[in-house]
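In what follows, every chain begins at residue 1, and chains take the letters A, B, ... in the order their sequences are listed.
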2 protein chains.
Amino acid sequence: MAATLHDVARLAGVSIKTVSNVIHEYPHIRPATRARVEQAIAELGYTPNLTARSLRSGRTGAIALAVPELGLSYFAELAAAVIEAAEEAGVVVLVEQTGGDRDRELELLRSPRLKMTDGLIFSPLGMGQDDVDRLEVPYPLVVLGERIFDGPADHVTMRNVEAARAATEYLLASGRRRIAIIGAHEGEVIGSAGLRLRGYREALDAAGVAYDESIIGHTTLWHRSNGARCMRELLDRGAEFDAVFGLNDTLALGAMRVLQESGRRVPEDVAVVGFDDLDEAGYSIPSLTTVDPGQAWIARTAVSTLMERIADPDAAGPPRLLLADFRIVERESAPADRLAPAAVPTR
Amino acid sequence: MAATLHDVARLAGVSIKTVSNVIHEYPHIRPATRARVEQAIAELGYTPNLTARSLRSGRTGAIALAVPELGLSYFAELAAAVIEAAEEAGVVVLVEQTGGDRDRELELLRSPRLKMTDGLIFSPLGMGQDDVDRLEVPYPLVVLGERIFDGPADHVTMRNVEAARAATEYLLASGRRRIAIIGAHEGEVIGSAGLRLRGYREALDAAGVAYDESIIGHTTLWHRSNGARCMRELLDRGAEFDAVFGLNDTLALGAMRVLQESGRRVPEDVAVVGFDDLDEAGYSIPSLTTVDPGQAWIARTAVSTLMERIADPDAAGPPRLLLADFRIVERESAPADRLAPAAVPTR
DNA sequence: CGCCGAGTCTACAACGTTGTACTCCTCGCG
DNA sequence: CGCGAGGAGTACAACGTTGTAGACTCGGCG
């Protein structure tokens, strides 16, 4: 059906290798021959069969990206950035969704479907530190996120603790003292929730503000609705606070909505800070002050690191930990200076 | 490096074809032989090389999905649904971003990178009806969206005109008479904007309400910020209206924000309706009344239609047009019954 | 005049898999 | 006892490409 090197070669009256040479711009070809071959290529509309090329070369020109779910804006924006970076590097991206399910993540790691790619950028959510040795795989792998540390693969992630600490310090500096948390995970030490909560506590400790369990809202999945539900629970149990730190933007936006429904003004009564700097955070009402954790850099770095490992799989070198810079993005939901100082509840 | 059939065959003391037969559950194999082969497979951790299998079989087990940008929530949710449906069909998805740029779209259609996939689900944005013959490609293709009709490929899309008409009728039924539009494209006949505007006009005509250019807001790209900008322009030029129909949710949300900033109450002063039923629409303040255009069905149908064409490329049959059902999702930004009747400006 | 090297091109094998055609063996039946 | 049917396994080619080794030609130099 589709034209092959053989067809072109026959039409041009040369060997298939000569056609191959023309395509790869091998220098020693007579102009006349080259012209004839090019003519034949055009005539047949020949395009190389990448599958055959892959088999021959051992490279596919594709990488895989595994994320929990594209429906989560954070991962959609991550995927967009990865695909863009990959395009610049000349490779395409195969996207898998794991649903954040540990079993599916483990299955994916040893799935032969990956044989169609040269390497994997993997953002686990269900796996944990105990699964660290499952990251020992026979292909180039770059791990994202904060579920697993000190693994055998390169790891690109953000400064969760420092960034969360900075966000909390920002709220403290603006005069808030009772900062509620939305999205904590019970007993978690690593993982986004655990690390960000640690940064929060560090900031409180440093400022001499007591940590108060009663204003810590727990929820497992970071879906939109959970931020709302979590905030509703806090309000229902009569928690008192003058600020909210949503452990990601989605949670913060859901929580902010419930706050407003309940008659509280943001930021006058309650300041709200998120984490991720989603596109959407700039367009909520009020717009959301948040932490830009350096996602764009993470995507670029993940791709370039993976491409390095692919280019040179043997010159392994020890696994690297690469950390993005973060910054606080100041918007309306939490101005740096407290606009309308309400009565601050003290303990 | 990785084990091949040869390695397994040598270890098990059989021919490579026997190993292949074991893997494919060919029935006529002695239990003892099968056991030996399976033992060898386990010992070497053999997994088949999918590239080689693809070359041999002519099928890759991957399909491509080309969308303008995953950063646009609509396409992120579409991609999520397509990947999920593809997984159920046993294929993986390679995602490309075109940026909605016509040249990149045309390039993609004849890119040899597609040779790594069995077919393409293509959502063009930059191409138009004039490019219809460029959809004549030598591989299975399913087109989404409303940029091109009556092309040579299967087309899965939504009932834009009917759905927009229904949305407008919904607003009219709730007592609104001056319905502003956000996101119109000047002079466009087909394309999402053109079709939805047509539905809007049909509804106005049917209700005997005059069409008024002065409350039609234009913008090209349907990014978040443009909905806001578009609404600001309407307000600046003193347009008067008691409802807004954002031609998609993103625009509607941006516009709603500006409305509220300007002191107007939603829905009391101005009702707002969107289009797409993004996840996010349920969590804005107020939550957004919108049109669910059947995206989930579109994704599933696109995948199954493509898989059919892949399975049977010859039994072509004429290109099909498949249309999803829609429904109005009633939320707070536009209740079915007008809550707080304000003074309705009449012409 | 003969030989060397560079330029131009070709033949062949290989990547790992699977379809086809074949061989060998065993068993049952006439 | 001979023959055919079918079970069990093998050898080989092919998918389309590219790397390697080599063939052939021609001009220039000793």
Side-chain angles (χ1 to χ4, degrees), chain A residues 1-41 44-62 112-118 138-139 310 313, chain B residues 1-38 40-41 44-62 112-118 138-139 313:
Chain A
M1 161 144 324
T4 73
L5 283 183
H6 284 92
D7 303 324
V8 177
R10 202 175 320 121
L11 183 60
V14 297
S15 78
I16 70 169
K17 190 62 222 270
T18 300
V19 180
S20 172
N21 284 339
V22 168
I23 290 167
H24 289 85
E25 318 216 330
Y26 178 74
H28 303 305
I29 305 175
R30 251 185 314 208
T33 312
R34 179 191 304 278
R36 239 173 337 126
V37 170
E38 278 167 353
Q39 157 82 27
I41 287 176
L44 295 174
Y46 168 81
T47 55
N49 180 317
L50 295 191
T51 303
R53 189 177 280 179
S54 294
L55 176 58
R56 186 57 234 232
S57 69
R59 291 274 159 72
T60 65
R113 305 205 292 187
L114 290 176
K115 278 281 164 54
M116 266 193 313
T117 62
D118 297 331
Y139 48 83
I310 290 170
Chain B
M1 158 145 327
T4 73
L5 283 183
H6 284 91
D7 304 322
V8 177
R10 201 175 322 120
L11 184 60
V14 296
S15 77
I16 70 168
K17 191 60 223 272
T18 299
V19 180
S20 172
N21 285 340
V22 168
I23 291 166
H24 289 85
E25 319 215 332
Y26 179 75
H28 303 305
I29 306 175
R30 253 185 312 210
T33 312
R34 179 191 304 278
R36 241 178 330 132
V37 170
E38 278 167 351
I41 287 177
L44 295 173
Y46 169 80
T47 56
N49 180 318
L50 295 192
T51 304
R53 188 177 282 179
S54 295
L55 176 58
R56 187 57 234 233
S57 69
R59 291 275 160 73
T60 65
R113 304 206 292 187
L114 289 176
K115 278 279 166 53
M116 264 191 316
T117 62
D118 296 331
Y139 49 82

Chemist: Counting only side-chain heavy atoms from C-beta out, which of dA11(C), dC9(C), dT17(D) sits nearest to Thr4(A)?
Modeler: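 Of the candidates, dT17(D) comes closest.
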Chemist: Between dT17(D), dT10(D), dT10(C), which nucleotide gets closest to the side-chain atoms of Tyr46(A)?
Modeler: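 Side chain of Tyr46(A) sits closest to dT17(D).
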Chemist: Under 4.0 Å, heavy atoms only, any strand: does Ile29(B) hit a base, just the sugar-phosphate, or nothing?
Modeler: sugar-phosphate
Chemist: Figure out the CD1/P separation between Ile23(B) and dT17(C), and round it to whole Å.
Modeler: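 Checked: the CD1 to P distance equals 7 Å.
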Chemist: Would you mind reading off the distance between Lys17(A) atom NZ and dT20(D) atom P, rounded to a whole angstrom?
Modeler: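 Taking NZ of Lys17(A) and P of dT20(D), I get 9 Å after rounding.
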Chemist: For Ile23(B) and Ile41(B): C-alpha separation, side-chain torsions, deciding distance, then whether side chain to side chain contact (heavy atoms under 4.5 Å, CB included) applies.
Modeler: CA-CA 9 Å; Ile23(B) 291 166; Ile41(B) 287 177; 4.0 Å; yes
Chemist: Just how far is it from atom OG of Ser54(B) to atom CG of Leu50(A), taken to the nearest 0.5 Å?
Modeler: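 Spacing of OG (Ser54(B)) from CG (Leu50(A)) equals 11.5 Å.
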Chemist: Report the C-alpha separation of Thr51(B) and Thr60(A) in whole Å, then their side-chain angles, then the decisive distance to 0.1 Å, and conclude whether the side chain to side chain contact (heavy atoms under 4.5 Å, CB included) test is met.
Modeler: CA-CA 8 Å; Thr51(B) 304; Thr60(A) 65; 4.1 Å; yes
Chemist: Side-chain N or O of Ser20(A) less than 4.0 angstrom from OP1 or OP2 on dT18(D)?
Modeler: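 Answer yes for this pair, as a side-chain N or O of Ser20(A) is under 4.0 Å from OP1 or OP2.
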Chemist: Using a 4.0 Å heavy-atom cut-off across all strands, classify His6(A) as base, sugar-phosphate, or nothing.
Modeler: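 The residue His6(A) makes base contact.
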Chemist: Are Ser15(B) and Thr18(B) linked by a side-chain donor-acceptor pair shorter than 3.5 Å?
Modeler: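 Short answer, yes.
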Chemist: Distance check needed: dC15(C) C1' versus Asp7(B) CG, whole Å only.
Modeler: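 These atoms are roughly 13 Å apart.
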Chemist: Could you walk me through whether Ile310(A) and Arg59(A) pass side chain to side chain contact (heavy atoms under 4.5 Å, CB included), step by step?
Modeler: CA-CA 9 Å; Ile310(A) 290 170; Arg59(A) 291 274 159 72; 3.6 Å; yes
Chemist: I need the CG-P distance between Asn21(B) and dT17(C), as an integer number of Å.
Modeler: 13 Å
Chemist: Find the distance Asn49(A):CG to dT18(D):C1' and express it as a whole number of Å.
Modeler: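 Rounded to whole Å, this separation is 13 Å.
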Chemist: Expressed in angstrom and rounded to an integer, what is the separation of Leu50(A) atom CG from dT17(D) atom C1'?
Modeler: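 Atom-to-atom, Leu50(A) to dT17(D), this comes out as 11 Å.
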Chemist: Find the distance Leu44(A):CG to dG16(D):P and express it as a whole number of Å.
Modeler: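 Roughly 14 Å, once rounded to whole Å.
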Chemist: Would you tell me if any nitrogen or oxygen in the side chain of Thr18(B) comes within less than 4.0 Å of OP1 or OP2 on dT10(D)?
Modeler: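 Yes, because at least one side-chain N or O of Thr18(B) sits under 4.0 Å from OP1 or OP2 of dT10(D).
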Chemist: Which of the following nucleotides, dT17(C), dT17(D), dA11(C), is nearest to the side chain of Arg53(B)?
Modeler: dT17(C)
Chemist: Among dT10(D), dT17(D), dT18(C), which nucleotide sits nearest the side chain of Pro48(A)?
Modeler: dT17(D)
Chemist: Side chain to side chain contact (heavy atoms under 4.5 Å, CB included), that's the test. Do Arg10(B) and Asp7(B) meet it? Break it down for me.
Modeler: CA-CA 5 Å; Arg10(B) 201 175 322 120; Asp7(B) 304 322; 3.5 Å; yes
Chemist: Which is more 5' along DNA chain D, the nucleotide nearest Arg36(B) or the one nearest Ala52(B)? Just name the residue.
Modeler: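 On the 5' side of the pair lies Arg36(B).
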Chemist: Toward the 5' end of DNA chain C, which comes first, Leu55(A) or Thr33(A), by nearest nucleotide?
Modeler: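 Upstream on the strand: Thr33(A).
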Chemist: In whole Å, what is the span from the NE2 atom of His24(B) to the C1' atom of dG9(D)?
Modeler: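 Distance check: His24(B) NE2 to dG9(D) C1' gives 17 Å.
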Chemist: Nearest to the His28(B) side chain among dG9(D), dG7(D), dG19(D), which nucleotide is it?
Modeler: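 Of dG9(D), dG7(D), dG19(D), dG7(D) is nearest to the side chain of His28(B).
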Chemist: Please work out if Ile16(A) contacts a base, only the sugar-phosphate, or nothing of the nucleic acid, heavy-atom cut-off 4.0 Å.
Modeler: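 Answer is base: heavy atoms of Ile16(A) come under 4.0 Å of a base.
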Chemist: Nearest to the side chain of Arg30(B), which nucleotide is it out of dT17(C), dG9(D), dT18(D)?
Modeler: dG9(D)
Chemist: I'd like to know if Arg56(A) reaches the base of dT17(D) with its side chain such that a donor and an acceptor end up less than 3.5 angstrom apart.
Modeler: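 A donor-acceptor contact between them is absent.
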